[in-house]
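Right, one structure below, let's go through it.
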Amino acid sequence: MMQVPFIEIKNVSKTFISHKRKFEVLKGVNLDIEPGDIFGIVGFSGAGKTTLIRCINGLEMASSGSIRVGKYQINKLSKKDVNVYRQKIGMVFQHFNLFDSRTVYGNVAFPLEIAKKNKEEIQERVLKILNLVGIVDKKDFYPGQLSGGQKQRVGIARALANHPSILLSDESTSALDPVTSMSVLDLLKDINKKLGLTIILITHSLDVVKYTCKNMAVLENGIIAEKGSVKEIFENPQSNTAKVFIKHNAYLANAYFSGEGIW
Amino acid sequence: MVEFFIRLFSQETTDIILPATLQTLYMVFVATPITIFFGLVFGSSLYITDKNGLYPMFIFNKTFGAIINAVLALPSMIVIILALPLSKFVVGVSYGPKACVIALTIVCTPIFSRLVESSILEVSKGKVEAAKSMGASTFDIILKVMLPEALPSLIRNFVVLTITLISITAIAGTFGAGGLGEVAVRFGYHRFRTDILLAAVLVLLVLVEGLQLLGDKLSKRMLKKRHLI
Ligand SMILES: Nc1ncnc2c1ncn2[C@@H]1O[C@H](COP(=O)(O)OP(=O)(O)OP(=O)(O)O)[C@@H](O)[C@H]1O
Ligand SMILES: [Mg+2]
């Protein structure tokens, strides 16, 4: 059977106009992502990673080009359909963005309330997901009572609640210490395996990519500088960004862990 | 001096102050929920239709904002005078506490709308982004995210609103609205009864301080419950 790419990004450009000036943030991005992949996108600050991910879930509309996710053609969705589509896309944020007015339970229930599920359904689903991310004992806590790692688990649980087919993660471990960060990445890998969920992982850290992803792309000034399997790119980096990242990283790893560290 | 203080609590003073206090409370209790309702609706609309809002509507936003600012900028006495004919139309009379409630609502709604707008704006952008990314409608974002997240700040603004309402009832008192304001003007100003004036002021102070205390407590308790302080 021929595999049709699950996410198909074709020649996507995004231009922002602010203060009467044009900022071309994405300049013709082409990317195919297979279902069930954990796909890493790396690049320097300002390369356009967040913009790209926001185009994927329709928070931003591409200025030109097309994005297809499963059966959805994103640039052709009406405002109402965009909301229906987004209910099937989970998103995890660097700063968690949990609702302080809701308990852990309430946060995870939120997307289900939005999708108009009934109370019993919500309860069953929330408890199941909280179990999956290992935080069910904290269900009546408020976000203000949780550590960063626990908050991100809630963030992931909330993103998973409504059976999404894709999980978008924008720097979801950047605010966490290395050990906690690794446990969150383990959770993502586990979810990918158990639920067969496609994950797009944006990060600054090649360690994160190496540890978590199967395939990756390097974004450089709004274009894809290279893409391929993580193994290929690590063994033979072509783009400037990848070279700098890998060198920089080895240097840091040596400096911090001098051979015996956690990595 | 001692005599003066005794007169503050005399039967005569009580007979004048007590009904006036009840009238003031009546006006405040009726006007507060109406103003809160319209303030929440108007404040949210201002936020939603702003150019960086959930559903930008430039012309509506600017026009609506200008109307609100216009009412805000007029001295409340003028707004009350303008509102009296409207009261006659709505409740049938243009004097007394009932008529005054309409005028009070019109004076205070713009103030409270702006307070609601600023409370909502304090909610972090990330939370809005999260709600949007989950496919929440504008209505859900306001009702399920913005207002609950802003609640501690909103409660403090409810207090500001109620205190403003009390002080405006005092102004409305000069137009026959009744209440403590009218008593203060009628006895204190026209008849030089400083004792009654002082008693009226004392009751107003107690009301205001009590409300402030209650509001602070509620708001703090909510923040504590959410472990934000
Ligand atoms: N709404 C906007 N209006 C104007 N410019 C924008 C807007 N959003 C993003 N940009 C610009 O687009 C560029 C890319 O931003 P983006 O947030 O996508 O980068 P990033 O790769 O995610 O960076 P980081 O790693 O720091 O998160 C930046 O130069 C930014 O200033
Ligand atoms: Mg970013």
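Proteins come first, then strands; the chains are lettered A, B, ... in the order of their sequence lines, and each starts at number 1.
Within 6.0 Å of NZ in K189(A) there are more than 12 heavy atoms belonging to other residues, nucleotides or ligands. Remark: F38(B) CZ is loosely packed, at most 12 non-hydrogen atoms of other residues, nucleotides or ligands lying under 6.0 Å away. Counting non-hydrogen atoms of neighbouring residues, nucleotides and ligands closer than 6.0 angstrom, the CD atom of E121(A) exceeds 12 such neighbours. Within 6.0 Å of OH on Y95(B) lie no more than 12 heavy atoms contributed by other residues, nucleotides or ligands. Summarising the local packing, CD1 of I229(B) is surrounded by more than 12 heavy atoms from other residues, nucleotides or ligands at distances under 6.0 Å. Atom CZ of F60(B) is surrounded by more than 12 heavy atoms from other residues, nucleotides or ligands within 6.0 Å.
The contact between L59(A) and chain B is made entirely by side chain atoms (from C-beta outward), counting heavy-atom distances below 4.5 Å. The part of F110(A) that comes within reach of chain B is its side chain, from C-beta onward, which places non-hydrogen atoms under 4.5 angstrom from that chain. For a residue to count as touching a neighbouring chain, one of its non-hydrogen atoms must lie under 4.5 Å from one of that chain's; by this rule K125(B) does not touch chain A. Residue K88(A) does not touch chain B at all, counting heavy-atom pairs closer than 4.5 Å. Residue L168(A): no heavy atom, backbone or side chain, is found under 4.5 Å from chain B. Only the side chain of F93(A) comes within less than 4.5 Å of a heavy atom in chain B; its backbone stays farther off. Both the backbone and the side chain of A131(B) come within less than 4.5 Å of a heavy atom of chain A.
For the options I89(A), L98(A), N97(A), V82(A), heavy-atom pairs under 4.5 Å to chain B are most numerous at N97(A). The candidate with the highest count of non-hydrogen atom pairs below 4.5 Å against chain B, out of Q145(A), R158(A), K80(A), M91(A), is Q145(A). With chain B as the partner, the residue from H95(A), Q94(A), E113(A) showing the most heavy-atom pairs under 4.5 Å is E113(A).
Under the 3.5 Å distance criterion, the side-chain polar atoms of E149(B) are matched with a main-chain donor or acceptor of D100(A).
For residues 132-145 of chain B, heavy-atom neighbours of chain A at less than 4.5 Å comprise K132(B), S133(B), M134(B), G135(B), A136(B), S137(B), D140(B), K144(B), V145(B), sorted by residue number.
Side-chain contact between R226(B) and S101(A) is present, with at least one heavy-atom pair separated by less than 4.5 Å.
Atoms CE and CZ, from M146(B) and F99(A) in turn, are 10.0 Å apart once rounded to the nearest 0.5 Å.
Ion pairing between a basic and an acidic side chain is recognised when a charged N comes within 4.0 Å of a carboxylate O; E129(B) and R54(A) show such pairing.
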Quiz prompt | Derivation of the side chain to side chain contact (heavy atoms under 4.5 Å, CB included) call for Y55(B) and K79(A) | solution = CA-CA 11 Å; Y55(B) 198 99; K79(A) 202 174 155 70; 3.7 Å; yes
